[in-house]
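First the structure, in the form of structure tokens, and then the observations on it.
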Amino acid sequence: MDKIKMTTPLVEMDGDEMTRILWKMIKDELLEPFVELKTEYYDLGLVCRNETDDQVTIESANATKKYGVAVKCATITPNAARVEEYDLKEMWKSPNGTIRAILDGTVFRAPIKVKGIEPCVKNWEMPITIARHAYGDVYKNVEIKVPGAGKAELVFTGQDGTQLRETVFDFEGPGVIQGQHNVTASIESFARSCFTYALDTKQELWFATKDTISKQYDHTFKDIFQEIFDQEYKEKFDAAGITYFYTLIDDAVARVMKSRGGFIWACKNYDGDVMSDMISSAFGSLAMMTSVLVSPEGYYEYEAAHGTVQRHYYKHLNGEETSTNSVATIFAWTGALRKRGEMDGLTELMAFADNLEKVCIETIESGKMTKDLALITELADPVVLNSEQFIKEIRKGLEQIYA
């Protein structure tokens with residue numbers, strides 16, 4: 001067959017550890033035999049980020065602004081142990097946090113439903129989509145380790161020289177301080193993205209913070225959402241027959257567990273990080289979750305919602321067989337290719353993305369899957385495939401379509 005053509009590159013962000021191994025397998029087996037890939041490549045592996053003083057991450061985000069669509073492999077956010085393991089110059093920030101800060105927007109994450117993999121929460125009949133704010137909070141925090149007794153203050157100095165000052169804490173001994181921020185423009189973009197996505201998908205929208213405790217920071221989020229909803233979206237929601245619902249984050253968690261699903265749950269940055277992992281795991285597997293960052297300017301960055309699968313990577317390095325689920329990474333590629341095709345008017349490219357996703361799901365539903373799914377499937381006698389076998393099984397299905 002003639003390979004499917006692309007006209008505009010998409011930004012390709014390579015990553016770390018086991019997901020980097022899967023990234024190459026996916027390209028070799030599922031993409032390059034069928035598509036004439038055009039990408040602008042950036043190596044966001046920790047070694048390259050360290051060598052470039054993390055400038056490669058910034059460059060990849062700016063390239064996404066240029067081309068409009070990116071696909072990203074999972075990457076390491078280093079802690080103290082990683083600094084030693086990789087001999088890093090410093091403890092580099094989360095690349096996802098850096099990219100999100102540059103692109104702004106909202107991350108939408110939803111589980112990939114397949115027959116035979118049923119949610120742990122039995123009353124969840126429909127997927128739950130997490131809408132995660134993609135700017136600020138703990139991901140752009142400033143931290144200080146306090147060496148001993150002293151006074152910690154929060155100070156804002158306006159351009160006119162006026163100051164706002166609050167005492168954080170009077171330390172009697174060592175401790176730690178963390179400063180977080182957000183900006184009104186980003187919160188407004190977050191709100192509009194969520195309301196628009198809810199209308200597009202005709203799903204109810206829930207939003208939750210801890211405004212009873214955080215009477216300035218979290219309450220600002222609550223107020224902005226309510227003001228924008230009342231002024232710009234209430235009539236549209238009424239016409240569509242959907243609702244916007246606000247509650248406290250702890251109440252939201254309780255309500256989610258008792259719900260039937262089928263709604264969008266908007267969360268602040270950290271809440272969204274944690275709750276998306278909870279939702280994806282409860283629906284089956286962390287590797288069965290789509291994730292896309294959508295910016296107000298119309299930039300799209302697709303990625304897997306999970307990490308680099310460190311434990312499997314060390315087994316791989318030791319020559320041991322792994323059975324790592326590659327579905328979320330495959331769906332990151334299909335999401336990016338479909339969006340690229342949509343932007344460029346390439347129906348064949350869009351159809352290829354649809355077909356690859358269809359074959360992925362059909363492979364699992366036929367009983368052929370990786371170990372993580374075999375442990376939880378309700379299908380009888382599943383065939384457990386290793387990482388490479390699973391991808392090659394999907395290729396067989398693609399070849400039947402594109403023979």
Side-chain angles (χ1 to χ4, degrees), residues 19 22 74 107-132 197-198 201-206 208 245 252-267 271-292 302-307 309 311-312 322-332 334-335 353-387 389-391 393-394 397:
T19 45
L22 296 176
V107 177
F108 293 94
R109 291 179 172 172
I112 301 164
K113 287 275 287 173
V114 297
K115 294 174 186 175
I117 310 294
E118 303 304 325
C120 297
V121 183
K122 298 303 179 186
N123 47 282
W124 284 356
E125 300 171 7
M126 297 169 283
I128 297 170
T129 300
I130 294 288
R132 175 185 173 186
Y197 196 79
T201 59
K202 291 183 171 53
Q203 296 184 85
E204 291 188 351
L205 176 66
W206 297 14
F245 171 73
V253 172
R255 287 173 179 264
V256 165
M257 297 305 291
K258 296 176 180 178
S259 76
R260 295 172 57 244
F263 57 88
I264 301 166
W265 181 10
C267 296
D271 294 340
D273 189 1
V274 176
M275 296 307 173
S276 64
D277 279 2
M278 184 270 286
I279 293 291
S280 61
S281 182
F283 267 99
S285 169
L286 288 172
M288 299 291 286
M289 191 87 162
T290 63
S291 180
V292 56
Y302 295 82
E303 61 181 337
H306 58 75
V309 202
R311 181 173 60 87
H312 284 200
T322 66
S323 184
T324 316
N325 192 331
S326 53
V327 171
T329 305
I330 293 169
F331 272 58
T334 56
D354 292 342
N355 286 329
L356 179 48
E357 289 182 3
K358 179 172 173 283
V359 170
C360 264
I361 292 170
E362 287 176 348
T363 299
I364 296 168
E365 291 181 346
S366 73
K368 299 171 183 176
M369 60 193 73
T370 47
K371 185 178 180 180
D372 61 316
L373 299 182
L375 291 172
I376 60 174
T377 185
E378 295 182 2
L379 298 174
D381 303 318
V383 177
V384 179
L385 303 176
N386 65 31
S387 307
Q389 288 170 341
F390 179 68
I391 290 172
E393 197 65 36
I394 294 169

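Taking both residues in full, the closest heavy atoms of A304 and A328 are given as CB-CB, 3.9 Å, listed atom of the first, atom of the second, then distance. Contact record, A198 with I264: CA-CD1, 3.5 Å, taken as the closest heavy-atom pair.
With hydrogens and angles ignored, the 3.5 Å screen pairs a side-chain donor or acceptor of T290 with a backbone N or O of A110. In this structure, S280 contributes its side chain and D277 its backbone to a donor-acceptor pair below 3.5 Å. In this structure, the side chain of N123 engages the main chain of S259 through a donor-acceptor pair within 3.5 Å. Using modelled atom types, no side-chain atom of T377 and backbone atom of L373 make a donor-acceptor pair closer than 3.5 Å. No side-chain donor-acceptor contact under 3.5 Å links T334 to the backbone of E357.
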Open item on the list: Go through it in stages, so that I can follow the logic: the residues are K113 and F283, the test is side-chain contact (heavy atoms from CB on, under 4.5 Å), and I'd like the CA-CA distance, side-chain angles, deciding distance and then a yes or no.
Closed with: CA-CA 8 Å; K113 287 275 287 173; F283 267 99; 3.9 Å; yes
Practice item. Apply side-chain contact (heavy atoms from CB on, under 4.5 Å) to the pair M369 and T363, showing each step before the final yes or no. Key: CA-CA 7 Å; M369 60 193 73; T363 299; over 6 Å; no
Show your reasoning for whether side-chain hydrogen bond (donor to acceptor under 3.5 Å, both in side chains) applies to S387 and T322. CA-CA 6 Å; S387 307; T322 66; 2.7 Å; yes
Check your understanding: Can you check side-chain contact (heavy atoms from CB on, under 4.5 Å) on S323 and D372, steps first, answer last?
Key -> CA-CA 8 Å; S323 184; D372 61 316; 5.7 Å; no
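Legend: residues meeting salt bridge (Lys or Arg N to Asp or Glu O under 4.0 Å) with R255, ordered by chain and number and at least two apart, are D251. Shown here are the salt bridge (Lys or Arg N to Asp or Glu O under 4.0 Å) partners of K371, two or more places apart in sequence or in another chain: there are none.
Taking the six-membered ring where the residue is Trp, F108 and Y197 present parallel rings, their angle staying beneath 30° rather than reaching 60°.
Within 6.0 Å of CG on D381 lie no more than 12 heavy atoms contributed by other residues, nucleotides or ligands. Counting non-hydrogen atoms of other residues, nucleotides and ligands closer than 6.0 Å to NZ of K122 gives a total above 12.
Taking the charged nitrogens against the carboxylate oxygens, K115 and E365 have no contact shorter than 4.0 Å, which rules out a salt bridge.
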